[in-house]
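Report on one structure; see the data block that follows.
Within every chain, numbering begins at 1; the chains are lettered A, B, ... in the order of the sequence lines, protein sequences first and strands thereafter. Only heavy atoms go into these numbers, but all of them, side chains included; no hydrogens, no water, no symmetry mates.
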Amino acid sequence: MVIYETHGDVCRVGYLRVVACLADDRIPKTFDYLASQLYEVARQRDKIKRYDVTGIIASNVNARNYVILAAETGIIDRHTQKRAAYGSIYAQLESAKRINDIIDGRVNAEADDFITLTQAEKIFFMHILIEHDHPFLGEIILWALKQRRFNRTTAMNYIMEDIYPEALAKSLQTASSKKRDIIRKEIDDAERFKDRRLSYSSQAEWIRTRQYAKYRHVAPPRLEWLVDLSILNREGRGKFSVNPEIARMGYELERVLRLPMKKMREELFTSIYPYLGNWSKADQEEIAKTIVEGYHRFVYSGVKQVKLEVLEMYACFRLLERGMITTPNTVHQVFNSLTIKYPDKVFITPTTGEVEIAEDSARGYTII
DNA sequence: CTCCAGGTAGATCGCGCGTT
DNA sequence: AACGCGCGATCTACCTGGAG
């Protein structure tokens, strides 16, 4: 499910954290309301403006574009106007504390607060962006890996003329029938992008076309996301290079990013993320503790039905925050062993995947 | 009316050339 | 060789017409 709607100004991943914290699990908030709140929060740090990065929120319109991106990446839900799965997960992570402090005015934002991500946050957003922009963003990463160094223009052309139509074609299989016709039309159009671009006699003429405007709205934000995730480094204006740490994993990345979605999710945790930080392996007890603690956090913040899948992903990222790594499948196994060991305290409704964990199990984690 | 994709004005970069 | 100037190329933030 490729992200269809992007705008050239949604370049900074960090604002998605603010949207996740501003949204709510119980009370719907309209996108306009979220946008104006986001705008207000972002303005807190007007005095310490950074001019070396693009995508800083400077208007309501531009804040709204970020809210839309949050909807496209599973942070908030278009229909319910509440938090979506990844928004709920982020809101329960420790990382959310700092953002909430800024939102509530308990601390003043520093220059980097909306831009710089912690290592765990980088992996969190890498995960959701790769998943929601699949296979587009993954293929962009693989192309970048082959280049090592490249400039913005080369990247824009290749991304739009080669990767984009192919990614759209692949996304056809999973798209709803309504969207399919629109996507097919877009593919037809995209297949002619290159010929059309080359038909303009001068560069000056080309950059004034609507097609170029489209390029600018689709490709550059994705490159900027990769910079925020430390997959790419910025090398001055319009130039990028691949982070050497990532470059070393080229072969593995190619294998993992091309796996079917469900497999890819697991393999990112087994084959990629372990090399993106100094993690220790989380043991069974830590995992179980994190599951139980997480369940109570979700319930406390107003999530009525805690989905097992969501709880498991939460546990993976919460452990990363504490310097420990595990995988969704491992968490799943630990959860299963909990239901067997404590059938009177830990339940799952098989049809819906909703979890319940008895209150007293939280106290001192006595169930372990 | 609302809203956003596409359009555009102005800012900024950096190439290539002349000068020291 | 190194510097720096000027201008075309490129980039970005903001705006708006036309779709819904």
TODO: Only one of Gln333(A), Glu266(A), Glu267(A), His332(A) passes side chain to side chain donor-acceptor pair (under 3.5 Å) with Thr327(A); say which it is.
DONE: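 When side chain to side chain donor-acceptor pair (under 3.5 Å) is applied between Thr327(A) and each of Gln333(A), Glu266(A), Glu267(A), His332(A), only Glu266(A) qualifies.
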To the nearest Å, give me how far apart [atom1] ([X]) and [atom2] ([N]) are.
X	N	atom1	atom2	value
Phe31(A)	dC4(B)	CZ	C1'	14 Å
Met156(A)	dT10(C)	CE	P	9 Å
Ile57(A)	dA13(C)	CD1	C1'	13 Å
Leu223(A)	dT12(C)	CG	P	10 Å
His217(A)	dC4(B)	NE2	P	13 Å
Glu224(A)	dA13(C)	CD	C1'	14 Å
Tyr66(A)	dA13(C)	OH	P	9 Å
Gln211(A)	dA5(B)	CD	C1'	15 Å

Ring centers of [X], [Y] separated by less than 6.0 Å:
X	Y	result
Phe125(A)	Trp225(A)	no
Tyr273(A)	Phe317(A)	no
Tyr295(A)	Tyr314(A)	no

- [ ] Using a strict 4.0 Å threshold on nitrogen-to-oxygen distance, state whether Lys281(A) and Glu286(A) make a salt bridge.
- [x]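 A salt bridge is absent here (no side-chain N lies under 4.0 Å from a carboxylate O).
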TODO: Considering only NZ, NE, NH1 and NH2 on the basic side and carboxylate oxygens on the acidic side, decide whether Glu285(A) and Lys289(A) come within less than 4.0 Å.
DONE: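 Lys289(A) and Glu285(A): not salt-bridged.
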Open item on the list: Heavy atoms only, 4.0 Å cut-off, all strands: where does Arg216(A) land among base, sugar-phosphate and nothing?
Closed with: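 Result for Arg216(A) = base.
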Task: Sugar-phosphate, base or nothing in reach of Asp32(A), heavy atoms under 4.0 Å - done: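 Here Asp32(A) touches the backbone only, sparing every base.
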Open item on the list: Quick check against the 3.5 Å criterion: does Asp101(A) have a side-chain atom that pairs as donor or acceptor with the backbone of Arg106(A)?
Closed with: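 No: the side chain of Asp101(A) does not pair with the backbone of Arg106(A).
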Nucleotides 13-16 of chain B: which of its N/O atoms have a protein N/O under 3.5 Å away?
unit_1: dC13(B); atom_1: O4'; unit_2: Arg237(A); atom_2: NE; d: 3.2

Every protein N/O within reach of nucleotides 15-20 of chain C N/O, cut-off under 3.5 Å:
none

- [ ] For the residue pair Gln37(A) and Lys29(A), establish whether any side-chain heavy-atom pair is separated by less than 4.5 Å.
- [x]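 A side-chain contact exists here, since the closest heavy-atom pair is under 4.5 Å.
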- [ ] Tell me, please, which residues at least two apart from Arg258(A) pass side-chain hydrogen bond (donor to acceptor under 3.5 Å, both in side chains).
- [x]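 Partners of Arg258(A) under the side-chain hydrogen bond (donor to acceptor under 3.5 Å, both in side chains) test: Glu139(A), Glu254(A).
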Task: Side-chain N,O (Thr153(A)) to OP1/OP2 (dA9(C)) below 4.0 Å - done: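 Result: no.
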